[in-house]
*Asks:* 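A single structure is presented below for examination.
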Amino acid sequence: MADRDDAFRAPKGTNDILPPASWWWEQARRSAEDLFATAGFAPVETPMFEHTEVFERGVGQGTEVVTKQMYTFKDLGGRSLTLRPEGTAPVVRAALESNLHRGALPVKLYYASWMFRQERPQKGRYRQFFQVGIETIGSDLPVADAEVVWLGAHFIRSMGVEPTVHLNSIGHPDDSCRGGYMTALVAYLEAHQNELAAEDRDRVTTNPLRTFDSKEPKTIEVMGNAPLITDHLCDDCRVHFDAVKGALTAVGVSFEMAPRLVRGLDYYTRTAFEYTAGGLGAQNAIGGGGRYDGLAEALGGPSVPGIGFALGIDRIRIAAGEPEVAHPNVDVYVVALGDEASQRSFELVTRLRAAGVGADLDLMGRGMKGQMKDADRSGARWAVILGEDEIAQGTATIRDLSTGEQRTVAYDEVEVELTT
Ligand code: HAM
């Protein structure tokens, strides 16, 4: 049970998004969705929770996300379910389940969704956070990778943040490539096991690649001299990576080579990338992604390649300096005095709204002065005033709130006056 004092507060690591900040969120989500749609991606929604196996098999048993951060619970039927910590495994699960991979390829999908990870909360790191993401399923061409990296960078820039793009290739798991590299890495880690931070020593046997993700200074120092995957890529992966870099350079995306970037999720193959920004302290990754050519198979499907990213909107907002944005206002505020006028004002507002005119009215029973203040505060261009005189004469007064100019029109003509 929550502490008594905490019971009626938002749970630790979650945020309420209230106006005016909520307008920024709305706009960020919409502009991401518009951008992705105009690049040929279609919206996808998956359930907020999945069978736990989707993440165990998809994201990987040895990852921090699966071992430490998942909100896992049993439902009344005794099934183990997990609130999604990320969107890629669910989207691929859904695509396979509905046989999208057997139809026209590639399948290009985008999502804008809440994710859940039980992490230690700090600035930019929350237990419920919002991601916008895209997934291109079915193409293994380098241009698909470049398209994804470009779109993420372009969106981040459009939100007023200049990202640094960190790029790596982590090859594929066969012995000719990452498999061979793992032998070299494990040999190196075993030779330096005592110099690693105590909490990282187990990783040498459980998931050696994850030692690159460690935030422990001792481990980071050891990893500084570790063999690098990029020196062990097979010819195919090297050619693929060179083509991705070439395509990005050709469209003016500058990137930094990041040979120690392995990303925290096990499904990655070949291209792996991250976007970072200043102003965030330790949580400076505002987005990341990569290729996951083995994920469909890990989820019981055939071999289908894929690439995508997810961007952390909470972090982009902090990096952007938490700006306020312009938002839609009502066009007309109806000011009414007296019972009959109040009834009429509701009728007028419904008529205006039905005609596509944004309209609002007094719901607090305020007097004339108070309602005029509310009209100003609403951001409306016009106030339509219904006083006793207007009611008696079957008229309404239209006031331009920016100039103060007024004119009286027939009550039945208000809509026409305001829409032409
Ligand atoms: P990820 O790197 O785990 O990748 O998350 C992507 C982004 O989500 C991070 O760069 C960060 O901005 C944001 N994020 C992650 N955890 C938190 C948190 N606790 N609080 C606030 N923001 C957070 C994925 O999720 C992959 N599914 C990306 C992907 C798509 N790969 C291929 N396709």
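Keep in mind it's a predicted model, so treat the numbers as computed, not measured. Ligands are counted one by one from 1 in listed order, and the atoms in each one are counted from 1 as well. When a residue number appears, it is its place in the shown sequence, counting from 1.
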*Asks:* Does Glu274, backbone or side chain, put an N or O under 3.5 Å from an N or O of ligand 1?
*Replies:* no

*Asks:* Should Glu64 and Arg203 count as an ion pair when the cut-off is N to O under 4.0 Å?
*Replies:* yes

*Asks:* Suppose we measure from atom 27 (N) of ligand 1 to each protein heavy atom; which comes out shortest, and what is that distance?
*Replies:* Glu86 OE1, 2.6 Å

*Asks:* For Tyr111 and Ala310, work out which heavy atoms get closest and say how close.
*Replies:* OH-CB, 4.0 Å

*Asks:* Okay, side chain of Asp400, backbone of Thr403: is any donor-acceptor separation there less than 3.5 Å?
*Replies:* yes

*Asks:* List the closest protein heavy-atom neighbour of atom 30 (C) of ligand 1: residue, atom name, distance to the nearest 0.1 Å.
*Replies:* Thr88 OG1, 2.9 Å

*Asks:* Aromatic rings Phe273 and Tyr275: how do their planes relate, parallel, tilted or perpendicular, breaks at 30° and 60°?
*Replies:* perpendicular

*Asks:* Could you label the plane-to-plane angle of the Tyr267 and Tyr292 rings as parallel, tilted or perpendicular, counting under 30° as parallel and over 60° as perpendicular?
*Replies:* perpendicular

*Asks:* Below 3.5 angstrom, do we get any N/O pair linking Arg125 and ligand 1?
*Replies:* no

*Asks:* Give the residue and atom name of whichever protein heavy atom lies nearest to atom 15 (C) of ligand 1, and the separation in Å to one decimal.
*Replies:* Phe129 CE1, 3.5 Å

*Asks:* Given Pro121, Ala310, Gly306, Gly287, which one has a non-hydrogen atom that is nearest to atom 10 (O) of ligand 1?
*Replies:* Gly287

*Asks:* Quick test of your reading of the structure: of Gln283, Arg263, Glu64, whose heavy atom lies closest to atom 1 (P) of ligand 1?
*Replies:* Arg263

*Asks:* For ligand 1, is Ile286 a contact, meaning one of its heavy atoms is under 4.0 Å away?
*Replies:* yes

*Asks:* With heavy atoms of Tyr126 as the reference, note each atom of ligand 1 found under 4.0 Å away.
*Replies:* 18 (C), 19 (N), 20 (N), 21 (C)

*Asks:* Do Glu147 and Lys108 meet the salt-bridge criterion of a basic N to acidic O distance under 4.0 Å?
*Replies:* yes

*Asks:* According to side-chain hydrogen bond (donor to acceptor under 3.5 Å, both in side chains), does anything in residues 34-50 pair up with another residue at least two apart or in another chain? List the pairs.
*Replies:* Glu50-Arg93

*Asks:* Any Lys/Arg nitrogen of Glu405 or Arg399 sitting under 4.0 Å from an Asp/Glu carboxylate oxygen of the other?
*Replies:* no

*Asks:* Which bit of Met115 is near ligand 1, meaning a heavy atom under 4.0 Å away: side chain, backbone, both or neither?
*Replies:* neither

*Asks:* With Arg210 as reference, evaluate Asp200, Asp266, Thr63 under the side-chain hydrogen bond (donor to acceptor under 3.5 Å, both in side chains) test and give the passing residue.
*Replies:* Asp266

*Asks:* Are Thr269 and Arg178 side-chain neighbours, meaning at least one heavy-atom pair lies under 4.5 Å?
*Replies:* yes

*Asks:* Would you say Phe130 contacts ligand 1, with heavy atoms under 4.0 Å as the rule?
*Replies:* no

*Asks:* Which residues pass the side-chain hydrogen bond (donor to acceptor under 3.5 Å, both in side chains) test with Ser139, sequence neighbours left out?
*Replies:* none

*Asks:* What protein heavy atom lies closest to atom 13 (C) of ligand 1? Include the residue and the distance to one decimal.
*Replies:* Gly312 CA, 3.7 Å

*Asks:* Determine whether any heavy atom of Leu265 lies closer than 4.0 Å to an atom of ligand 1.
*Replies:* yes

*Asks:* So, does Gly124 sit close enough to ligand 1 that a heavy atom of it is under 4.0 Å from the ligand?
*Replies:* yes

*Asks:* Among protein heavy atoms, which sits nearest to atom 8 (O) of ligand 1, and what does the distance come to when rounded to 0.1 Å?
*Replies:* Gln131 NE2, 3.1 Å

*Asks:* Run the salt-bridge test on Glu195 and Lys218 with the 4.0 Å N-O cut-off and return the result as yes or no.
*Replies:* no

*Asks:* Is Tyr268 in contact with ligand 1, taking contact as a heavy-atom separation below 4.0 Å?
*Replies:* yes

*Asks:* Is the ring pair Trp25/Phe130 parallel, tilted or perpendicular, if the boundaries are 30 and 60 degrees?
*Replies:* perpendicular

*Asks:* Below the 3.5 angstrom mark, is there an N/O of Glu135, backbone or side chain, next to an N/O of ligand 1?
*Replies:* yes

*Asks:* Give me the nearest non-hydrogen protein atom to atom 3 (O) of ligand 1 as residue plus atom name, then the distance to 0.1 Å.
*Replies:* Arg117 NH2, 2.9 Å

*Asks:* Quick test of your reading of the structure: of Phe116, Tyr267, Tyr111, whose heavy atom lies closest to atom 26 (C) of ligand 1?
*Replies:* Tyr267

*Asks:* Give a yes/no on ligand 1: does Gly264 have at least one heavy atom closer than 4.0 angstrom to it?
*Replies:* no

*Asks:* Out of Ala285, Ala277, Ala89, whose heavy atom sits nearest atom 9 (C) of ligand 1?
*Replies:* Ala285

